[in-house]
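Just below is one structure, and these are the notes that go with it.
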Amino acid sequence: MNDCLFCKIIAGEIPCNKVYEDDEICAFHDISPQAPVHFLVVPKKHIPTLMDAKGEDAALLGKLLYKAQELLAARGCAEKGGRFVINCKEDGMQTVSHIHIHVLGGRPLLWPPG
Ligand code: 5GP
Ligand code: ZN
């Protein structure tokens with residue numbers, strides 16, 4: 001956990017371009033944006049992947065998702081929407097082992113993914 005990149009960002013040890021923060025959640029711009037709007041919403045609690053979430057984390061996961069849409073709407077994407085993505089483990093091509101929701105908007109996004 002001490003080696004976790006997103007825990008270090010949450011702790012302020014690594015700088016980020018912050019979008020939102022409260023006692024349970026942090027959101028910051030992705031360092032490599034894939035759309036005009038691309039930020040990550042993460043819990044402050046270190047949970048490596050979605051598959052590691054426990055029943056006790058259900059409310060926190062719901063809050064992450066709700067906040068994700070609220071923050072996207074606040075960036076002018078309420079009408080056209082966007083995409084909310086959680087990559088998970090190896091087959092999901094997750095590269096940072098701390099749950100995060102990618103929030104993308106501001107252009108049409110292709111589907112299905114490659
Ligand atoms: P994953 O591939 O795990 O779903 O997503 C990890 C995301 O974290 C990638 O989109 C990547 O660009 C982003 N990322 C990696 N390192 C950093 C960093 O140091 N700062 C920020 N803001 N984003 C990062
Ligand atoms: Zn972490």
Side-chain angles (χ1 to χ4, degrees):
M1 178 160 146
N2 290 339
D3 281 339
C4 173
L5 174 65
F6 287 173
C7 280
K8 287 179 179 165
I9 287 178
I10 291 161
E13 293 167 17
I14 293 175
C16 72
N17 190 351
K18 201 170 287 180
V19 170
Y20 174 82
E21 182 175 17
D22 66 23
D23 56 333
E24 291 184 303
I25 287 176
C26 192
F28 48 88
H29 289 283
D30 197 293
I31 204 167
S32 177
Q34 302 301 311
V37 177
H38 184 182
F39 58 89
L40 306 171
V41 183
V42 311
K44 290 190 170 177
K45 178 180 179 181
H46 179 83
I47 304 169
T49 82
L50 186 58
M51 308 306 281
D52 298 304
K54 308 281 186 252
E56 67 198 36
D57 299 316
L60 177 60
L61 294 176
K63 184 176 170 180
L64 285 175
L65 200 52
Y66 181 78
K67 187 52 70 176
Q69 65 82 23
E70 203 175 60
L71 293 171
L72 184 63
R75 273 150 190 80
C77 298
E79 189 183 339
K80 291 196 168 180
R83 187 160 299 154
F84 305 89
V85 175
I86 302 176
N87 295 324
C88 187
K89 301 181 92 170
E90 190 179 338
D91 279 354
M93 301 283 276
Q94 181 178 0
T95 60
V96 178
S97 288
H98 182 128
I99 289 182
H100 48 283
I101 303 176
H102 290 261
V103 184
L104 301 115
R107 69 167 174 87
L109 298 155
L110 299 178
W111 188 265

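Whatever order the structure lists ligands and atoms in, that order sets their numbers, starting from 1.
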Margin query: Please evaluate residues L64 and I25 with respect to the criterion side-chain contact (heavy atoms from CB on, under 4.5 Å), reporting the C-alpha separation (whole Å), side-chain torsions for both, the decisive distance (0.1 Å), and the verdict.
Written below: CA-CA 7 Å; L64 285 175; I25 287 176; 3.7 Å; yes
Notebook entry, point to check: Please walk me through it: do V42 and F28 pass side-chain contact (heavy atoms from CB on, under 4.5 Å)?
Noted result: CA-CA 9 Å; V42 311; F28 48 88; 4.0 Å; yes
Next item on the list: Go through the steps for V85 and Q34 under the test side-chain contact (heavy atoms from CB on, under 4.5 Å), then give the verdict.
Entry: CA-CA 12 Å; V85 175; Q34 302 301 311; over 6 Å; no
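Within the 4.5 Å cutoff, the side chain of Y20 has no heavy atoms near those of the E70 side chain.
Within H46, the N, O or S atom at minimum distance from the Zn ion (ligand 2) carries the name ND1. Distances from the Zn ion (ligand 2) to the N/O/S atoms of H98 are shortest for ND1.
Nearest protein neighbour of atom 8 (O) of ligand 1, counting heavy atoms only, is F6 CZ, 3.6 Å. Nearest to atom 12 (O) of ligand 1 among the protein's heavy atoms is D30 OD1, 2.5 Å. Protein heavy atom at the shortest distance from atom 2 (O) of ligand 1 is T95 OG1, 2.7 Å. The nearest protein atom to atom 24 (C) of ligand 1, hydrogens excluded, is given as I31 CG2, 3.4 Å; this is a heavy-atom distance. When only non-hydrogen protein atoms are considered, atom 1 (P) of ligand 1 lies nearest to H100 NE2, 3.1 Å.
Taking CD1 of I47 as the reference point, atom SG of C4 lies at 11.0 Å (rounded to 0.5 Å). Note: K8 NZ to L5 CG = 7.5 Å, rounded to the nearest 0.5 Å. Going from atom CD1 of I99 over to atom CG of L50 covers 5.0 Å, rounded to the nearest 0.5 Å.
Neither the backbone nor the side chain of F39 comes within 4.0 Å of ligand 1, counting heavy atoms alone. Under 4.0 angstrom from ligand 1, the non-hydrogen atoms of M93 all belong to its backbone. With a 4.0 Å cut-off on non-hydrogen atoms, V85 does not touch ligand 1 at all. Contact annotation for L5 and ligand 1: only side-chain heavy atoms (C-beta onward) come within less than 4.0 Å of the ligand.
Geometry about the Zn ion (ligand 2) gives an angle of 120° between SG of C7 and SG of C4, rounded in steps of 10 degrees.
Distances from atom 22 (N) of ligand 1 to the heavy atoms of K8, H29, K18 put H29 nearest.
Within the 4.0 Å heavy-atom cutoff, I9 counts among the residues contacting ligand 1. At a 4.0 Å cut-off, at least one heavy atom of H102 sits close enough to ligand 1 to count as contact.
Close contacts between ligand 1 and S32 involve ligand atoms 12 (O) [criterion: under 4.0 Å to a heavy atom].
Both V19 and V103 sit in one connected hydrophobic cluster of ILVMFWY residues. Membership requires side-chain heavy atoms under 4.5 Å apart, directly or through other members.
For Q94, no nitrogen or oxygen atom sits less than 3.5 Å from a nitrogen or oxygen atom of ligand 1, counting backbone and side chain alike. Annotation: F28 places no N or O atom under 3.5 Å from an N or O atom of ligand 1; distance criterion only. Backbone and side-chain nitrogen or oxygen atoms of N87 are examined, and one is located within less than 3.5 angstrom of a nitrogen or oxygen of ligand 1. For ligand 1, none of its N or O atoms has an N or O atom of L40 under 3.5 Å away.
Using bins of under 30°, 30° to 60° and over 60° for the plane-to-plane angle, the ring pair H102/H38 lands in the tilted bin.
H100 and H98 have their aromatic ring centers separated by at least 6.0 angstrom.
Using a 4.0 Å cut-off between a side-chain N of Lys or Arg and a carboxylate O of Asp or Glu, K67 and E24 do not qualify as a salt bridge.
Between the side chain of R75 and the main chain of V37, no donor-acceptor pair closer than 3.5 Å is present.
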